[in-house]
Amino acid sequence: MAISFLLMVNKQGQTRLSSYYEWISLIERNALESEIIRKCLSRSEFQCSFVEYRGYKVVYRRYASLFFIVGTKLSKDGNDNPENELGLLEFIHNLVETMDKWAGSICELDIMYSLELIHFLLDEMVQNGHIVESNKMNVLRPLDLMERESQKAESIYR
Amino acid sequence: MATGGINLSKEFFELLKAIGESKSKQEEDRIIAKEVQCLKQKLEPTPPGVNPPLQSKKRAKEFLVRLLYVEMLGHDASFGYIKAVEMAASASLYHKRTGYLVCSACLSPEHEFRFMLVNQMQRDLQSANVLEICGGLLASTALITSDMVPAMSGEVTKLITHDSETVRKKAIITLHRFYELAPDVVTFDELYEKVRKVLCDRDPAVMGSVLNVIEEMAKEDPTKFKDLIPSLVSILKQIGEHRLPNDFDYHRVPAPWMQIRLIRILSLLGQGDAASSSGMYEILFDTMKKADVGINAGYAIVYECIKCITKIYPNAKLLDAAADAISRFIESRSHNLKYLGVTGLAMIVETHPQYAAQHQMSVMDCLEDPDETLQRKTLDLLYRMTNPVNVEFITDKLLDFLRGTTDLFLKQQLTTRVCSVAERYAPSNAWYIKTITQLFEVSGDMVKPEVAQNLMSLIAEGTGESDEADMLLRQTAIDLYVQLLQEKPPAKLPKILLETMAWCLGEYAYLSAALSLEDILAKLCHWNKAALQPSTRKFLTSAIFKLVAQAGTCPKQAAEVVDEYTRSKDVDLQQRCLEFQALLTTAPQYLGEILPVDASAEDVEVDVNLSFLDGFCQQALANGARAYEKPEDDDDDEEDYGAAGAASSAFKMTPYAKPETNINRSAMLARGMGTGGQPAGISLPPGSISGNQAVVSTSVDVVGDGLSLNTRGVANVWGKKPGALPAAPPPAAAPAPAAVAPSTFDSSATANVGGFGGPSSNAFGTASYGGAAYGQAPASVLTKTPEQLEKERMAAALFGGIVPGAAPPPAFAPPAPMAPPRQTVAAPPVAAPPVAAPPVTLAPAPAEEVDLLDLGAFDVAAPAPALANDVFGSSTLEPATATAPPIVETVSENEDVLPAPAPVQQATIDPFAAEGLLGDLSETPLQGFGILSSKYEYNGSVMAPMKIVTAQFGQQWGSCTATSPVSVTSRKVTFLNDFMKQCEEAGLHPVEAIGATNEGICAGIVEGGSKVVLVHGKLSPMGSGAAKIDITVKSTDSTLSGSLALYLQNMMK
């Protein structure tokens, strides 16, 4: 399993989106999120984008006020680097680009107002923790279809 | 941006606004708490006529998103989960997906709602609508648990060949997920077959997706995929040549994640396989070159190539290329690339250390970098670079970093690494000790206990090079620990370090140059006052014991510490302290033997055959003792006693004979035979003995370990109440103090008694083990007179714990008489009845003594390879054997002339007056007993002779509960007269010398007559002008009897 969790947290430490690919209880999620964001916030722009935390390798990237954080499990002995840190960092950027492509320039508030849609978008890109799709067209096609369908349906089901 | 911001209800809009504007977590929590109330209200049934709030599908969907918010922000939203499950069945795709989404995010793997969704997911997978199938696949990836896999796997497998590439792409991942969950349902082979087909899918996205699965499977079994190498190489080549549609490019790098994935699979397949590896050298070289286009996505591929090159069978050209790339990464100004460089270097140096040389300075820079991640990676690099030359520097760096970090995971990792580096490359043992001590200080209890064990064995056993080197090593360790001892309070030091220190100091404190033994002892005593964990406290206390033994004095603080823990709730600690106290007060000369200096590494041989007793037995046999015969029935008191009475040489329970001179021993024995039948009373069953004395006839069987502990009614030959004694006294049964004894003794208590090698004649001492200490109520007393009960109550009050409200007095050590197993007594394997009776008690069987000692008196849990000889280890055996046999068979011979005793005032002395004596004694130098030809002093009062006759002596003998037997081999005192003279010199009154048996009895008083001491001595000539003297000192005060016994022993030497 590559990605354990993906978070979007603003610089006040408020979670804007969280997606976990392995089960972590609510309480642990809370603690994890707040500690990771604290760690990310404590780092300067000139430091590298990778942090090791509690057995996770955390890759983060900041866009304006929002941190995009990807966590991946370290192997038990810590000797092995199963994931390509830079690859994950670029994946975050790809995600942001995809979101931009989907809704124009996206901001924190947009994410808040369309939380479930961002989840759907993410679901197209990451499944079971694997990066399954990086082609923006392929990501957005099912979303467009769904929106079209739901607009059709909304008149019926309202 | 389509459905997003529009169509929100006002309520939801306000909520999002409030959350967005909240400035703190607390404020956010308040908003969510309010929201939870609001959402719960919506679920409540509405009165008829009013539209339920969630009737509209749109509002219902919004409700779910609000639930998602509640959960995301850390609050429980389980009240609304059922709505999400309902919504998953919605006909509207959007609503359905929202329902699934909330379920996936919120339902724990154990949640029963997951089962409710299985049916819906199955239906969705069979749908004609591609989007519904996708929704079903995504939901099943997230929501299916292992027991649901059989219900779903069939449908998912069908979807792998679905017309839509989106469906195929997801289906293979879902199937892999099922395989992860239930490999017995979706088997490796099944998945393997599908995966190989999907790899050839006409759609690149599907192929890209299946690479994830192949990677995971290749991790499990790379051999199965080796034949795929050419295909994978070809795919990688085509991607590199931009054969994929432009959509797959990311910043003009073609499908970087697919490339990364492919390279990673290649590295798995090429690992340690020269043939496979050779097939990928070229493509790796090309890919690395093509990817190096100056953007991150390209660097990510280059980095993956570096990883792969270091993993597969090495190729010089590729390694050079990788090293080049690493160099550029390390030199880069971007920290992300520096990070990749350091990580890459760490991978390459493990097998090819030569590449590290050129980066020395850059690596040092990275180590100093304020970026913690970079530092960590550099440490990782250093760890991998460690060799015997740089180990000191690298370990220092690791320790520095360890001090600065709070991350437990990292701390654990670094701790393990320091241990491994120190063990592998330590330049010297002194360095190793220093390093491990530092490690203990820094990471404390994260260090595995084995490391402490290794350290202690190293210190104890040395390296075997030379004794000087070993001593020097120990000295280094001790200096280190003494320094710590002075600098830090125990609360600041972790348990593992404290225990190691305590052990080392206990063993080798005398090596310290900085502090004297006494100072260290004082410091340890001071430490012991701090709040400590029980095991640490034991280590410290044991160290104090050892230092007391080494110092030869017991300073007040140490005595206080020991005294305090004799009341510890920790039974083990309590027992250790009690034993030590007893040892200190009664037999300090054995301290050195029991707590030997620097003997931790020596093997302790437990002689189960007790061969060391052979000489003793031979001698006794030569002296006419009867050989041991195993009694036919161990449990039968009557028979036992009867046999003894008939044989008359086993138990001499008849009173002293008339003083006769010039009768040799065999004549004496013959006489004893002649009178054998006479003491008929003794062979009566104890129950039948009547009299005004309490009759104690208790047989307590300790069922648990099969030991039977008999408390028999024993005849008090020199009974306390002479009025009740006829001229032939046997019927006078157990004396009053025995009343305390009949309580249930558990095995520990037995072990204790056994551990000191003989019957404890101190009823109070044993009561404190059996009753108070082990919290067991006195039990199974057959007959309890009010007098007995009263005695019990008093004993309990004295030793605390049993009688509520009785303030526990300062615990005072029960004396531990050093009575060895007797040679003549047909001792059945029962433990000594702890009855305060004349020494007619049965000694425990020697073999059991060993067992009990090892099991009972020892802290089984004590982690100790080197501690095997600890405090009360098996070495206790030695003192037991060295001591004299008690004088059982010879105690009484003059039954004929036992006169009515004169009322002796001292006889009524309160035997409990001894409390708190330890404090007084503790300052007495242990070696200070050896002053010859001066009168014995006790607590500053000179002993005075007590002029009594034999009969009075006999009478008092029974009332003196404290017995201290010692034995000494002397060349100075070889005749009975010498013995009597010595006793007189010590200040005792020679009551009677019985030449026939070479026995003498003396009496004295101390403290102005408030305490009585009775001495019985028996000489056994050993030939060549030496004699063995067995001395039994009895008193009302165990401290007194113990100390006088020692005094006499030293005197006669």
Participant: Name the member of A:M137, A:Q127, A:E97 that forms the most heavy-atom pairs with chain B at distances under 4.5 Å.
Facilitator: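 It is A:Q127.
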
Participant: Name the region of A:E133, side chain, backbone, both or neither, that has any atom closer than 4.5 Å to a heavy atom of chain B.
Facilitator: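 Contact with chain B involves the side chain of A:E133 alone.
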
Participant: State whether B:R384 and B:D380 are salt-bridged, where the test is any N-O pair (Lys NZ or Arg NE/NH1/NH2 against Asp/Glu carboxylate O) under 4.0 Å.
Facilitator: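 Looking at B:D380 together with B:R384, the answer is yes, because their closest N to O distance falls below 4.0 Å.
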
Participant: Examine whether an atom of B:S90 lies under 4.5 Å from a heavy atom of chain A, and if so say whether it belongs to the side chain, the backbone or both; otherwise answer neither.
Facilitator: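 It is neither, since no heavy atom gets under 4.5 Å.
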
Participant: Hey, are B:R376 and B:E372 close enough for a salt bridge, meaning a charged N less than 4.0 Å from a carboxylate O?
Facilitator: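 Answer for the salt bridge query: yes.
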
Participant: With a 4.5 Å cut-off on side-chain heavy atoms, are A:E116 and B:K61 touching?
Facilitator: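 The answer is yes, as the side chains (C-beta and beyond) meet within the 4.5 Å cut-off.
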
Participant: Under 3.5 Å, is there a donor-acceptor pair linking the side chains of A:E83 and A:T72?
Facilitator: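 No - no donor-acceptor pair under 3.5 Å links their side chains.
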
Participant: Between A:N30 and chain B, with a heavy-atom cut-off of 4.5 Å, which part of the residue counts as in contact: side chain, backbone, both or neither?
Facilitator: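 For A:N30, side-chain heavy atoms alone lie under 4.5 Å from chain B.
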
Participant: Identify which of B:K170, B:K17, B:K169, B:E215 forms the greatest number of heavy-atom pairs closer than 4.5 Å to chain A.
Facilitator: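 Heavy-atom pairs under 4.5 Å are most numerous for B:K170.
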
Participant: Where does B:N129 contact chain A at under 4.5 Å (heavy atoms): side chain, backbone, both or neither?
Facilitator: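 Looking at B:N129, just its side chain touches chain A.
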
Participant: Side chain, backbone, both or neither: which part of A:M112 has a heavy atom under 4.5 Å from chain B?
Facilitator: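 A:M112 touches chain B through backbone and side-chain heavy atoms alike.
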
Participant: Sort B:L340 into side chain, backbone, both or neither according to what part of it lies under 4.5 angstrom from a heavy atom of chain A.
Facilitator: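 Only the side chain of B:L340 comes within 4.5 Å of chain A.
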
Participant: Which one of B:P256, B:S108, B:A205 has the most heavy-atom pairs closer than 4.5 Å to chain A?
Facilitator: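 Winner by heavy-atom pair count: B:S108.
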
Participant: Can a donor-acceptor pair be found between the side chains of B:D76 and B:S78 at a distance below 3.5 Å?
Facilitator: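 Short answer, yes.
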
Participant: Who wins among B:P370, B:G208, B:A105, B:C134 for the most heavy-atom pairs under 4.5 Å with chain A?
Facilitator: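 Most pairs with chain A among the choices: B:A105.
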
Participant: Less than 4.0 Å between a side-chain N and a carboxylate O, is that true for B:D371 and A:R43?
Facilitator: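 Salt bridge between A:R43 and B:D371, a charged N being under 4.0 Å from a carboxylate O: yes.
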
Participant: If I measure from the heavy atoms of chain B, does A:K39 come under 4.5 Å with its side chain, its backbone, both, or neither?
Facilitator: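 Contact with chain B is through the side chain of A:K39 alone.
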
Participant: Using a cut-off of under 4.5 Å for heavy-atom pairs, which of B:Y69, B:F12, B:Y299 has the most such pairs with chain A?
Facilitator: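 The option with the most such pairs is B:Y69.
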
Participant: Tell me, for A:L89 versus chain B, whether the close heavy atoms (under 4.5 Å) come from the side chain, the backbone, both or neither.
Facilitator: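 Looking at A:L89, just its side chain touches chain B.
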
Participant: Hydrogens and angles aside, do A:R16 and A:Q14 bring a side-chain donor and acceptor to less than 3.5 Å of each other?
Facilitator: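 A pair is found: one side chain offers a donor N or O, the other an acceptor, under 3.5 Å apart.
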
Participant: In terms of the angle between their ring planes, are A:H93 and A:Y63 parallel, tilted or perpendicular, with boundaries placed at 30° and 60°?
Facilitator: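 Answer is parallel, since the angle falls under 30°.
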
Participant: Do the ring planes of A:F5 and A:Y56 sit parallel (below 30°), tilted (30 to 60°) or perpendicular (above 60°)?
Facilitator: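 The rings of A:F5 and A:Y56 stand perpendicular, inter-plane angle above 60°.
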
Participant: Below 4.5 Å from any heavy atom of chain A, which atoms of B:L131 appear? Answer side chain, backbone, both or neither.
Facilitator: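 B:L131 touches chain A through side-chain heavy atoms alone.
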
Participant: Counting heavy-atom pairs closer than 4.5 Å to chain A, which one of B:L410, B:L211, B:I19 comes out on top?
Facilitator: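 Option with the top pair count is B:I19.
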
Participant: Could you tell me which portion of B:T166 (side chain, backbone, both or neither) has an atom closer than 4.5 angstrom to a non-hydrogen atom of chain A?
Facilitator: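 When you check distances to chain A, only side chain atoms of B:T166 fall under 4.5 Å.
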
Participant: Where does A:E108 contact chain B at under 4.5 Å (heavy atoms): side chain, backbone, both or neither?
Facilitator: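 Contact with chain B involves no heavy atom of A:E108 at all.
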
Participant: Is it the backbone or the side chain of A:I131 that comes under 4.5 Å from a heavy atom of chain B, or both, or neither?
Facilitator: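 Answer is both: backbone and side chain atoms of A:I131 are under 4.5 Å from chain B.
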
Participant: Below 4.5 Å from any heavy atom of chain A, which atoms of B:R261 appear? Answer side chain, backbone, both or neither.
Facilitator: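 B:R261 touches chain A through side-chain heavy atoms alone.
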
Participant: In terms of heavy-atom proximity below 4.5 Å to chain B, should A:R141 be classed as side chain, backbone, both, or neither?
Facilitator: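 Side chain only.
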
Participant: Of the listed residues (A:Q12, A:K136, A:M146), which shares the most heavy-atom pairs with chain B below a 4.5 Å separation?
Facilitator: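 Among the listed options, the one with the most contacts to chain B is A:M146.
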
Participant: Does NZ or CZ of A:R29 come closer than 6.0 Å to the centre of the six-membered ring of A:Y20, within 45° of the ring's axis?
Facilitator: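 Yes, A:R29 and A:Y20 form such a contact.
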
Participant: Can a donor-acceptor pair be found between the side chains of A:E35 and A:Y53 at a distance below 3.5 Å?
Facilitator: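 There is such a pair between these side chains.
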
Participant: Between chain B and each of A:N94, A:L145, A:I118, count heavy-atom pairs under 4.5 Å; write down the option with the most.
Facilitator: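 Looking at each option in turn, the highest pair count goes to A:N94.
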
Participant: Heavy-atom distances under 4.5 Å only: say whether A:L26 touches chain B with side chain, backbone, both or neither.
Facilitator: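 Contact with chain B involves the side chain of A:L26 alone.
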
Participant: For B:H75 and B:E28, test the side chains for any donor-to-acceptor distance below 3.5 angstrom and give the result as yes or no.
Facilitator: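 Short answer, no.
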
Participant: Quick one: does B:M258's side chain get under 4.5 Å of B:M207's, heavy atoms only?
Facilitator: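 A side-chain contact under 4.5 Å exists here.
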
Participant: Would a line drawn from the ring center of A:Y60 to the ring center of A:F50 be shorter than 6.0 Å?
Facilitator: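 No - the distance between ring centres of A:Y60 and A:F50 does not fall below the 6.0 Å cut-off.
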
Participant: Is NZ or CZ of B:R97 both nearer than 6.0 Å to the six-membered ring centre of A:F120 and within 45° of the ring axis?
Facilitator: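 Checked: cation-pi criterion met.
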
Participant: A:E33 versus chain B, heavy atoms under 4.5 Å apart: side chain, backbone, both or neither?
Facilitator: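 Side chain only.
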
Participant: Looking at chain A, which one of B:T416, B:L244, B:L107, B:T174 has the largest number of heavy-atom pairs inside 4.5 Å, strictly under?
Facilitator: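 Sorted descending by pairs with chain A, the first entry is B:L107.
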
